[in-house]
Amino acid sequence: NMGMKEGETSKSIIELDASAIIAFPDMLDFIYVTDEPAKLTTNNAVALRHLANYFGIRELFQSATDFIRNDLSPPNIPTYLSEANIYLDEKLFDATIRVCAEKIERMDSAKISALSPEFLEKVVSSPYFKCESALLSSKVAAFFRSHLEDVDAAIFHSLTSAELMPIINPEEAIFFLKTARDRFGEERNKDYDSLYDRCIAARSTKWEGLVNERLTKDHHDENSYSDLPSNIKEDIFESALIFAHEDYNNLRRKISTILQYVQIGDLGKLRILDDGFSKNAFGKNWTVDYDYVRYKRNEFPDVIVGGAGMEAINGRYTLTGTHDGVGVYMNGIFSLFRLKPKDQPRSWHISILPLHEYDDDDVNFYQAPATNNTLGSGSERPPRDGWECAEVGELPAPSLH
């Protein structure tokens, strides 16, 4: 920070921070060189703005302010946060935190890693923060690799909390597990249990790679399953078997449904259905919201669909997440969910959802009117009766239990 002292010789002594020293000649050029605009850059703008304010140079202050406003973008965020912090510029600091929170998805990992752990914690706690969970997990993992010695357990768990990061990129799951264990020597506690469960679930979704690694034993890096303690390996492998079984059942359902259309000779519906399956990559159309399920499972028990003309539709549907303020249920590749079509009241659907979207591209088999047309109405369950065939359904329509 900058200050001024009066010596015995009546000389003024000005104490300047490093960036202000570098920027000082640019301020003098602005004052004494006529018809020259301010020489503003990302690196000197905050210092020049501070000097201009200190010495009362209004035109330079305004020029620096305008420059910063136009220059404040993701690539420049680390510089502006650091400089705003040096010069105690709270308004600029808060504005930079907001830009970072809003646009962190567009920031590369190197720029995020240039922030301090404390700054990143402020970014993710901002009310303006938005970032898809799995992408955030990759960015936070890269940040930890650069700052591991600077990150304590409190910041580690703050940046990996279930509220912030419900879904973890499978490629980063083992890194987080090993970091929690090796860096912090963690025993089981509430924060660790939550991270542990999410990492186990995330890594298990890539069960093909786990099986190959377990068989070949030729993979040894920070994401290696083979180097984990036996209890963690057992948990991952058990969870992976469940995911593998679900994928196997999804494939069986696909074959069963396609054969059903082949038998009745309806090639048009077969084409539509097969397109829906191909977009879905065998049913991976819905990312399970584990935290929502954990807290809502008792409130929303499984739904049994029976009596549908399309045999593959029948079965047990389990809560996997939320949409339109109510629960979403899945049975293999089939989703049971509520939707608000454009210019129509809300309705429940049994569909295949392509490309992670609830929209007109759904392969829609059966539908029924919602009992409550209000957004939210979170206690609403799928209706027992009132179901009818949709675009590709077959009579009779199902009933739910």
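Keep in mind that this is a model prediction, so the values were computed, not measured.
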Within the 3.5 Å criterion, strictly below it, is a donor on E121 or S158 matched to an acceptor on the partner's side chain?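 Their side chains do contain a donor-acceptor pair, which is all the 3.5 Å distance test asks for.
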Answer whether the closest heavy-atom distance between the side chains of [X] and [Y] falls below 4.5 Å.
{"X": "L51", "Y": "L60", "answer": "no"}
{"X": "I57", "Y": "F30", "answer": "yes"}
{"X": "S109", "Y": "F143", "answer": "no"}
{"X": "E171", "Y": "S138", "answer": "no"}
{"X": "L135", "Y": "E105", "answer": "yes"}
{"X": "V303", "Y": "R381", "answer": "yes"}
{"X": "L40", "Y": "I68", "answer": "no"}

Return yes when atom NZ of K122 has more than 12 non-hydrogen atoms of other residues, nucleotides or ligands closer than 6.0 Å, and no otherwise.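 Open: at most 12 neighbouring heavy atoms sit under 6.0 Å from NZ of K122.
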When you measure from the side chain of K139 to the backbone N and O of M107, does any donor-acceptor pair fall under 3.5 Å?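 It does hold such a pair.
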Tell me if a side-chain donor or acceptor on E388 pairs with a main-chain N or O of A397 at a distance below 3.5 Å.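 No; judged by distance alone, with no hydrogens or angles, the pair does not exist.
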Identify whether the distance between the nearest side-chain nitrogen and carboxylate oxygen of R145 and E172 falls below 4.0 Å.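 Salt bridge present between R145 and E172.
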Restricting to ring pair (Phe, Tyr, Trp, His ring centres under 6.0 Å), what partner residues turn up for F144, sequence neighbours left out?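 Partners of F144 by the ring pair (Phe, Tyr, Trp, His ring centres under 6.0 Å) criterion, ordered by chain and then number, come out as F156.
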What residues, two or more places apart in sequence or in another chain, satisfy ring pair (Phe, Tyr, Trp, His ring centres under 6.0 Å) together with F119?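 For F119, the residues satisfying ring pair (Phe, Tyr, Trp, His ring centres under 6.0 Å) (neighbours in sequence not counted) are F93.
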Taking the six-membered ring for Trp and the full ring for Phe, Tyr or His, determine whether the centres of F365 and F334 are under 6.0 Å apart.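 That pair passes the under 6.0 Å test.
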Contacts of [X] that satisfy salt bridge (charged side-chain N to carboxylate O under 4.0 Å, His left out) - sequence neighbours left out:
{"X": "D66", "answer": "R69"}
{"X": "K103", "answer": "none"}
{"X": "D89", "answer": "R49"}
{"X": "R384", "answer": "none"}

Counterpart residues, side-chain hydrogen bond (donor to acceptor under 3.5 Å, both in side chains), relative to [X] (two or more places apart):
{"X": "S161", "result": "none"}
{"X": "W387", "result": "none"}
{"X": "T42", "result": "D71"}
{"X": "S19", "result": "E83, Y87"}

May I have all residue pairs that pass side-chain hydrogen bond (donor to acceptor under 3.5 Å, both in side chains) and include part of residues 123-134, sequence neighbours excluded?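 Those involving residues 123-134 are R98-Y128.
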Only one of T79, V123, I77, N76 forms a side-chain contact (heavy atoms from CB on, under 4.5 Å) with T96, so which one is it?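 With T96 as partner, side-chain contact (heavy atoms from CB on, under 4.5 Å) holds for just one option, I77.
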What residue pairs, at least two apart or across chains, pass salt bridge (Lys or Arg N to Asp or Glu O under 4.0 Å) with a residue in residues 37-46?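 Found D29-K39.
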Just verifying a value: how many Å separate [X] [atom1] and [Y] [atom2], rounded to the nearest 0.5 Å?
{"X": "R198", "Y": "T160", "atom1": "CZ", "atom2": "OG1", "value": "6.0 Å"}
{"X": "N44", "Y": "I22", "atom1": "CG", "atom2": "CD1", "value": "9.0 Å"}
{"X": "I350", "Y": "N364", "atom1": "CD1", "atom2": "CG", "value": "9.0 Å"}

